[in-house]
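Every heavy atom of this structure was used, including side-chain atoms; hydrogens, water molecules and symmetry mates were not. Lettering follows sequence order; numbering is per chain, from 1. Remember, predicted model here, so these are calculated numbers, not experimental data.
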Protein chains: 2
Amino acid sequence: MTSPAVSSRDLPHPAREEIRLEGVLHALSDPMRLRIVRELATVGQELSCSHFDLPVTKSTTTHHFRVLRESGVIRQIYRGTAKMNGLRTDDLDGLFPGLLDALLDAAGRQAARLGESGL
Amino acid sequence: MTSPAVSSRDLPHPAREEIRLEGVLHALSDPMRLRIVRELATVGQELSCSHFDLPVTKSTTTHHFRVLRESGVIRQIYRGTAKMNGLRTDDLDGLFPGLLDALLDAAGRQAARLGESGL
DNA sequence: ACCGTACTACGATGCCTATCGTACGAGTCG
DNA sequence: CGACTCGTACGATAGGCATCGTAGTACGGT
């Protein structure tokens with residue numbers, strides 16, 4: 001079929017009210033995870049885990065995605081063998097209006113300032 | 001004298017350009033440190049370390065203030081026996097416009113949502 | 001000089017975490 | 001079914017860190 005149904009195995013996510021600012025900040029304080037979130041934000045759509053080419057092993061990548069999910073920053077859904085990742089912009093904007101934009105803007109400014117050419 | 005001069009012992013601070021977003025986020029991801037920063041922001045002026053009544057020992061308090069200083073969030077100056085702490089709003093706003101306000105607003109919203117009455 | 005206050009330095013401890021490797025499960029396609 | 005891909009689970013490891021207690025330093029006032 002053309003639209004692969006969401007697999008039965010679903011992942012635990014915190015409800016919007018359970019998202020804690022400290023957890024979000026801790027999740028984003030890791031360079032690898034900040035990079036993931038930045039890429040998700042610029043692309044603006046769900047991306048599979050394997051889309052990211054991080055300088056760590058798959059195990060570590062899995063770990064970082066789990067931290068992002070458990071802190072409420074991203075939402076993960078299985079779609080076939082792929083695991084799609086999307087930013088929880090609606091929930092984050094609902095809880096902390098303007099925070100996500102400010103964080104992404106700050107990350108972008110720092111990347112530009114540090115002479116980063118690509119992402 | 002009425003205005004106690006700044007002591008000769010000065011503390012190492014990162015220059016504005018050395019402040020890293022990840023470091024700032026990590027510093028603010030600790031409840032105790034977020035609490036300190038919130039109080040500094042609401043008061044709007046320098047406060048001594050001893051002004052804060054944190055549920056940890058003095059050793060731990062010193063540790064938290066050092067993390068905040070070394071990450072570039074606060075500036076610390078000795079004034080007599082007291083060590084005054086002030087937010088580096090100018091540097092942070094210069095590097096990441098809107099970020100500090102968004103963070104403080106987010107922290108305030110969460111505090112209000114979680115039924116915090118005091119600070 | 002002495003004392004009290006404010007903060008630090010150092011060592012210890014227990015927990016958390018970023019990382020890896022290997023072995024495994026779930027799904028798709030031939 | 002079998003092979004392959006994607007991602008997970010588990011154990012190990014090394015480093016970081018929040019916390020404490022104790023002992024010590026710097027400064028101001030008496």
Whole Å only: how far is the [atom1] atom of [X] from the [atom2] atom of [N]?
{"X": "B:Ile36", "N": "C:dC7", "atom1": "CD1", "atom2": "C1'", "answer": "14 Å"}
{"X": "A:Glu46", "N": "D:dG7", "atom1": "CD", "atom2": "C1'", "answer": "16 Å"}
{"X": "A:Ile77", "N": "C:dG27", "atom1": "CD1", "atom2": "P", "answer": "15 Å"}
{"X": "A:Tyr78", "N": "C:dA26", "atom1": "OH", "atom2": "P", "answer": "10 Å"}
{"X": "B:Gln76", "N": "C:dA6", "atom1": "CD", "atom2": "C1'", "answer": "13 Å"}
{"X": "A:Asp30", "N": "C:dT19", "atom1": "CG", "atom2": "C1'", "answer": "11 Å"}
{"X": "A:Leu47", "N": "D:dC6", "atom1": "CG", "atom2": "C1'", "answer": "15 Å"}
{"X": "A:Asp10", "N": "C:dG27", "atom1": "CG", "atom2": "P", "answer": "12 Å"}

Among B:Asp91, B:Thr89, B:Asn85, side-chain hydrogen bond (donor to acceptor under 3.5 Å, both in side chains) partner for B:Arg75:
B:Asp91
Close approaches to DNA chain C from residues 50-58 of chain A, in residue order (heavy atom, under 4.0 Å):
A:Val56, A:Thr57
Side-chain N or O of [X] closer than 4.0 Å to phosphate OP1/OP2 of [N]:
{"X": "A:Arg66", "N": "D:dG7", "value": "no"}
{"X": "A:Thr60", "N": "C:dC20", "value": "yes"}
{"X": "B:Arg79", "N": "D:dC27", "value": "no"}

For A:Ser59 and for B:Phe65, locate the closest nucleotide of DNA chain C by heavy-atom distance; then report the residue assigned to the nucleotide nearer the 5' terminus.
B:Phe65
A:His64 or A:Thr81, whichever maps to the more 5' nucleotide of DNA chain C
A:His64
Rounded to the nearest 0.5 Å, what separation is found between the [atom1] atom of [X] and the [atom2] atom of [Y]?
{"X": "A:His63", "Y": "A:Met32", "atom1": "NE2", "atom2": "CE", "result": "10.5 Å"}
{"X": "A:Glu18", "Y": "A:Glu70", "atom1": "CD", "atom2": "CD", "result": "12.0 Å"}
{"X": "A:Arg35", "Y": "A:Asp53", "atom1": "CZ", "atom2": "CG", "result": "7.5 Å"}

Among A:Val73, A:Ile36, A:Leu11, which residue satisfies the side chain to side chain contact (heavy atoms under 4.5 Å, CB included) criterion with A:Phe65?
A:Ile36
Donor on one side chain, acceptor on other, A:Thr57 and A:Thr60, under 3.5 Å
yes
Report the residues that fulfil side-chain hydrogen bond (donor to acceptor under 3.5 Å, both in side chains) with B:Glu46, sequence neighbours left out, ordered by chain and then residue number.
B:Arg79
